[in-house]
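Heads up, the thing below is written out as structure tokens.
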Number of protein chains: 2
Amino acid sequence: MKISELSRRSGVSIPTIKYYLRDGLLPPGRATAANQADYGEEHLRRLRLVRTLVGVRRLPVGAVKEILGAVTEQDGDLHQIFGIVTDARPVTQQQKQARERERQEAGEETGGVTDARELVAAMGWEVHSGTAAIRSLGEVLDALSDMDSGIDWRSLLPYARLADRISELDVQQMEGVSGVLELAERAVLVSVLLEPALLAMRRLAQEDKSARLFGGGSEEGEEE
Amino acid sequence: MKISELSRRSGVSIPTIKYYLRDGLLPPGRATAANQADYGEEHLRRLRLVRTLVGVRRLPVGAVKEILGAVTEQDGDLHQIFGIVTDARPVTQQQKQARERERQEAGEETGGVTDARELVAAMGWEVHSGTAAIRSLGEVLDALSDMDSGIDWRSLLPYARLADRISELDVQQMEGVSGVLELAERAVLVSVLLEPALLAMRRLAQEDKSARLFGGGSEEGEEE
DNA sequence: TGTGATGGATAGTAGTGCGATCCATTATCC
DNA sequence: GGATAATGGATCGCACTACTATCCATCACA
């Protein structure tokens, strides 16, 4: 398949495909001549996955590259794949620098991270301690404490128990998938793409619950 | 309080504060002269909230503006506040345009959105149908179907049930908060800031579960 | 044999989240 | 009361991201 066909079948413009090729998001096609390359079905699948992660999940291109690169070289151990996918965080360069600064002036390990480790311990989760998720959770706990919200890691325990049950559903989604690449792709899909779906459902449920509890205040407004 | 004190107390640089003032993220201080304005404690709180949403939750500045603007003018009905917060989605201009195009070529209402409505109906959630959350969920369902993942809205029902229980926790977090602005701030905190915390906990639990199920493949690597 | 697509490279664009600088005005300290 | 320094307001610039556009020599294919 030539690049024009790849473009037609995926709906992605040729310049964008070239950009992904340059950036290593898409492996180069099999070169048949100095100015000709051949792309296969797996390029199409990969391209669709990239578009999904960038377009729907809105991951930065760099993060998608990390995920896909790590996943395709570490093909074999499903747990490793989950770990890699789990560890890839969407942070831009600017934001990274800002984080650096904040971390430095906070003394390299904020109280929130310590609290996050306590929560992990309380839940009995066994994770390798360098996870980005712990830092991420730590940041939120720091912010909650800075804002005097009165919400601490203990108040998050009920949430953690539900998160635990969500993760059980997640690993169930891996059943019945055969190939190695298919498993990797499924792991990416389940752990990354379901994130916006989960948040969306939470928001829908929130609207429902808040209507039942505090609602009725002004109950017109079906118009958009 | 002068701008310099606001900067010192918040840890936010003066140019950044000026930028927020320009963009309407922060209400202007009470002008005492042509080149002097006075800021109060509520400016400090607001600034901290902005920094939390931009820095920790990584919302685009425009989205934060929408949320805060809507929340502070609609002070009164807690359900309205939840709805507003719920409806603000972080989308950049570029991405918006891309969405526009995709929606046009898909005929203005994708199958995923229809599926999303079915899921909402199956859960018995009562929401006004224009919600961004439905569109968001629809996009994910579209992507899952495009990728032939075999995951459809029915497979998401177990997730939806857990999301429902999460939302019950969310509304519980509103208890014991008194003032109107305090309630609004709490609603923002709970529904927006807890998002990264939820995702982080899900990832931690995923790592734990995947280790228990598929793990043991290569169990060294405590080093970071 | 020529026409148009291809790969590869370089440059340009729009949008975001600031930081830097300039300016006239004005609080403030001596 | 005069120097100093800070303030509000404005404009410019910068780094980064995700593309888009253009150019070019080369080559398939009709």
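Just so it is clear: chains get the letters A, B, ... in the order the sequence lines come, proteins before strands, and each one is counted from 1. Only this structure's heavy atoms are used, side chains among them; waters, hydrogens and symmetry mates stay out.
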Can any side-chain N or O of A/K209 pair as donor or acceptor with the backbone N or O of B/V171 at less than 3.5 Å? no
Okay, side chain of B/R203, backbone of A/S191: is any donor-acceptor separation there less than 3.5 Å? no
Less than 4.0 angstrom from a charged side-chain N to a carboxylate O is my criterion; do [X] and [Y] meet it?
{"X": "A/E182", "Y": "A/R45", "result": "no"}
{"X": "A/R48", "Y": "A/E185", "result": "no"}
{"X": "A/E41", "Y": "A/R9", "result": "yes"}

Quick check for you: to the nearest 0.5 Å, what is the distance between A/L49 atom CG and B/D146 atom CG? 12.0 Å
So A/L193 and B/M147, do their side chains get closer than 4.5 Å, heavy atoms only? no
Counting just side-chain N and O atoms, does [X] come under 4.0 Å of either OP1 or OP2 of [N]?
{"X": "A/Y20", "N": "D/dC19", "result": "yes"}
{"X": "A/R58", "N": "D/dT17", "result": "no"}
{"X": "A/T16", "N": "D/dT20", "result": "yes"}

Between protein and nucleic acid, restricted to nucleotides 5-7 of chain C and to nitrogen or oxygen atoms under 3.5 Å apart, what atom pairs and distances do you find?
unit_1	atom_1	unit_2	atom_2	d
C/dT6	OP1	A/S4	OG	2.6
C/dT6	O2	A/N35	ND2	3.4
C/dG7	OP1	A/A37	N	3.1
C/dG7	OP1	A/A37	O	3.3
C/dG7	N7	A/K18	NZ	3.0

Between A/Y20 and A/R51, does the side chain to side chain donor-acceptor pair (under 3.5 Å) criterion hold? Intermediate values first, please. CA-CA 10 Å; A/Y20 289 160; A/R51 288 307 297 180; 2.7 Å; yes
Rounded to the nearest angstrom, tell me the gap between atom [atom1] in [X] and atom [atom2] in [N].
{"X": "B/I17", "N": "D/dA6", "atom1": "CD1", "atom2": "P", "result": "15 Å"}
{"X": "A/L59", "N": "D/dC16", "atom1": "CG", "atom2": "C1'", "result": "17 Å"}
{"X": "A/L21", "N": "D/dT20", "atom1": "CG", "atom2": "C1'", "result": "15 Å"}
{"X": "B/Y19", "N": "D/dG8", "atom1": "OH", "atom2": "P", "result": "19 Å"}
{"X": "B/D23", "N": "D/dA10", "atom1": "CG", "atom2": "C1'", "result": "14 Å"}

Return whichever of B/R22 or A/R22 has its heavy-atom-nearest nucleotide of DNA chain C closer to the 5' end.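 It is A/R22, whose closest nucleotide lies nearer the 5' terminus.
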Using the closest heavy atom to pick a nucleotide of DNA chain C for each, name whichever of B/S13 or B/T32 lands nearer the 5' end.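 Comparing both residues, the 5'-ward one is B/S13.
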Estimate the overall bend of the helix from C/dT1-D/dA30 to C/dC30-D/dG1 from the end axes over five pairs each, rounded to 10 degrees.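 So the angle between the two local helix axes works out to 0°.
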Shortest non-hydrogen contact from B/R57 to B/P196? CD-CD, 3.4 Å
